[in-house]
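Values below: all heavy atoms of this structure, side chains included; hydrogens, waters and symmetry mates excluded. For the single chain, residues carry numbers from 1 onward in sequence order. Since the structure is predicted, the reported quantities are computational estimates derived from the model, not experimental observations.
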Amino acid sequence: MSLGTAEDDSASEIHIPADISWHMLDKSKFFFLGAGLFSGVSAALYPIVVLKTRQQVSATPISCFKMSFTIMRYEGFRGFYRGFGTSLMGTIPARALYMAALEITKSSVGTATVRLGFSDNAATTIANAAAGLSSAMAAQLVWTPIDVVSQRLMVQGCSSNDSKNIVAIRYSNGLDVFRKILVADGPRGLYRGFGISILTYAPSNAVWWASYSVANRLIWGGLGCYMSKKDENSASNGSIYRPSSKVVVAVQSVSAAMASGISALITMPLDTIKTRLQVLDAEENGQRRPLTALQTVRNLMKEGGFAACYRGLGPRWASMSMSATTMITTYEFLKRLSTKSP
């Protein structure tokens, strides 16, 4: 996530803190502190994920406010944290894989693209997109089984009116879900929706990191133009602007929110299909069996057409924006904390 340096030859120069690459990090400190920091972020954002998941499996449109009220009334505050323990257990190894793949790919692809003659801006964008793609694919190896288990717990409190196809089995905890899925469907049951998860998260991450890189540079470029005009008006030349940490964080946050909006709009239909594949079952001759992707798409079209694929867009957009903003600022802070001593 190199912010680079935005310059104007006739006036000001913006000095941005240099990017911290993979070889500069203390790996043990990086993963240990990362586990704690990202666990806190996951805890703060988990209720929004529960709302998004329940909206996606609902057979009829329902507002976030009404859904929140229903959960609080019938399940209490604990309803917003159904499956959180299981999700947290998977977050730590999944994040570790994600961060390792992200930094290694970004470093290697960035170096390779520069050697091939790409400009710094193009090389950074390509490296970020490739890193997002590889990190998402690596993380899904751990995250898909955790997603299947935690989402079963998330929707367990839904009434039968919310979606008639919600799995009717009652679960006591994450371990119970894991055991019952293995008994009913074998290991394949834990990887239900794995293919579409890759199709959802890999492009989503690639789009997000590429968009983030572009947005970041555009904002710093705009700030550079503003500082140049300011210097011209004040008749000063050759000034150097070193942004404070608050300005750096603000630019990162705005860039992350912009990237999240683009990514959410592009990948929302796939995310809805993935969630339904992992949570809902079909019923044939009195027996329940997993839905296929084609059946899931047909059901969505019957329920509300293409618009049904965007149920839960609000919570997902909010979740992605807040998650991305806190993730990117936390991630940069983590990298600074984990930098090796000179």
Side-chain angles (χ1 to χ4, degrees), residues 45-71 74-75 79-80 82-83 136 140 143-144 147-169 189 191-205 207-208 260-284 288-324:
L45 298 176
Y46 195 78
I48 300 177
V49 178
V50 172
L51 285 175
K52 185 265 303 182
T53 302
R54 292 202 179 189
Q55 281 189 316
Q56 287 178 317
V57 302
S58 176
T60 54
I62 182 170
S63 68
C64 289
F65 178 78
K66 186 176 180 180
M67 181 74 76
S68 301
F69 179 78
T70 302
I71 293 174
Y74 294 104
E75 303 170 54
F80 290 101
R82 283 185 178 273
Q140 283 306 308
W143 191 248
T144 297
D147 218 15
V148 171
V149 172
S150 62
Q151 287 183 148
R152 292 289 180 104
L153 293 170
M154 283 182 200
V155 302
Q156 187 164 247
C158 293
S159 67
S160 59
N161 293 328
D162 291 332
S163 181
K164 61 183 180 181
N165 293 324
I166 288 178
V167 179
I169 303 172
Y191 279 89
R192 186 191 288 193
F194 177 72
I196 201 164
S197 292
I198 293 293
L199 289 175
T200 301
Y201 291 120
S204 176
N205 268 267
V207 169
W208 191 93
S260 297
I262 296 170
S263 182
L265 283 172
I266 292 173
T267 61
M268 185 66 199
L270 285 172
D271 187 66
T272 300
I273 295 168
K274 173 198 73 72
T275 300
R276 288 192 164 215
L277 278 174
Q278 292 177 329
V279 172
L280 304 183
D281 280 341
E283 189 169 336
E284 294 181 12
R288 288 186 173 269
R289 59 182 60 189
L291 284 165
T292 65
L294 186 59
Q295 286 174 318
T296 302
V297 172
R298 284 175 178 170
N299 290 342
L300 282 167
M301 292 301 104
K302 287 178 183 178
E303 291 172 15
F306 191 67
C309 296
Y310 280 87
R311 285 179 190 159
L313 176 62
R316 185 166 188 252
W317 193 328
S319 175
M320 285 185 69
S321 297
M322 288 189 286
S323 178

**OP:** Compare all side-chain heavy atoms of Ile198 with those of Thr144 and state whether any distance is below 4.5 angstrom.
**Re:** no
**OP:** Indicate the atoms forming the closest heavy-atom contact of Ser260 with Trp208, along with that distance.
**Re:** OG-NE1, 3.0 Å
Original post:
Is the closest side-chain heavy-atom distance between Lys274 and Leu199 below 4.5 Å?
Top reply: no
**OP:** Drop me the distance from Thr296's OG1 to Met301's CE, to the nearest 0.5 angstrom.
**Re:** 11.0 Å
Subject >> Distance-only side-chain donor-acceptor flag, Ser263 / Ser204, under 3.5 Å >> reply: yes
Original post:
Do the non-hydrogen side-chain atoms of Cys309 and Met268 ever get within less than 4.5 Å of each other?
Top reply: no
**OP:** Would you mind reporting whether Thr275 and Gln151 have side-chain heavy atoms less than 4.5 Å apart?
**Re:** yes
Original post:
Parallel, tilted or perpendicular: which fits the ring planes of Tyr191 and Phe194, with parallel below 30° and perpendicular above 60°?
Top reply: perpendicular
Original post:
Do Thr272 and Leu300 come close enough that some side-chain heavy atom pair is under 4.5 Å?
Top reply: yes
**OP:** Over all heavy atoms of both residues, which pair between Ser150 and Gly83 is shortest? Give the atoms and the distance, please.
**Re:** CB-O, 3.7 Å
**OP:** Taking all non-hydrogen atoms of both residues into account, name the closest pair between Gln140 and Ser197 and its distance.
**Re:** OE1-CB, 3.5 Å
Original post:
What is the minimum heavy-atom distance between Phe80 and Ser68, and which atoms define it?
Top reply: CZ-O, 3.6 Å
Original post:
If you measure from CD1 on Ile196 to CG on Asp271, what distance do you get to the nearest 0.5 Å?
Top reply: 9.0 Å
Subject >> Spatial distance of atom CE (Met154) from atom CG (Leu51) [nearest 0.5 Å] >> reply: 10.5 Å
Original post:
With distance as the sole test, does Arg54 use its side chain to make a donor-acceptor pair with the main-chain N or O of Met67 at under 3.5 Å?
Top reply: no
Original post:
When rounded to the nearest 0.5 angstrom, what is the spacing between CD1 in Ile273 and CG in Asn299?
Top reply: 11.0 Å
**OP:** Check whether any side-chain N or O of Arg82 sits under 3.5 Å from a backbone N or O of Val155 as a donor-acceptor pair, and report yes or no.
**Re:** no
Original post:
How long is the span from the CG atom in Leu277 to the CD atom in Gln295, to the nearest 0.5 Å?
Top reply: 9.5 Å
**OP:** Return yes if some donor-acceptor pair links the side-chain N/O of Asn205 with the main-chain N/O of Tyr201 below 3.5 Å, else return no.
**Re:** yes
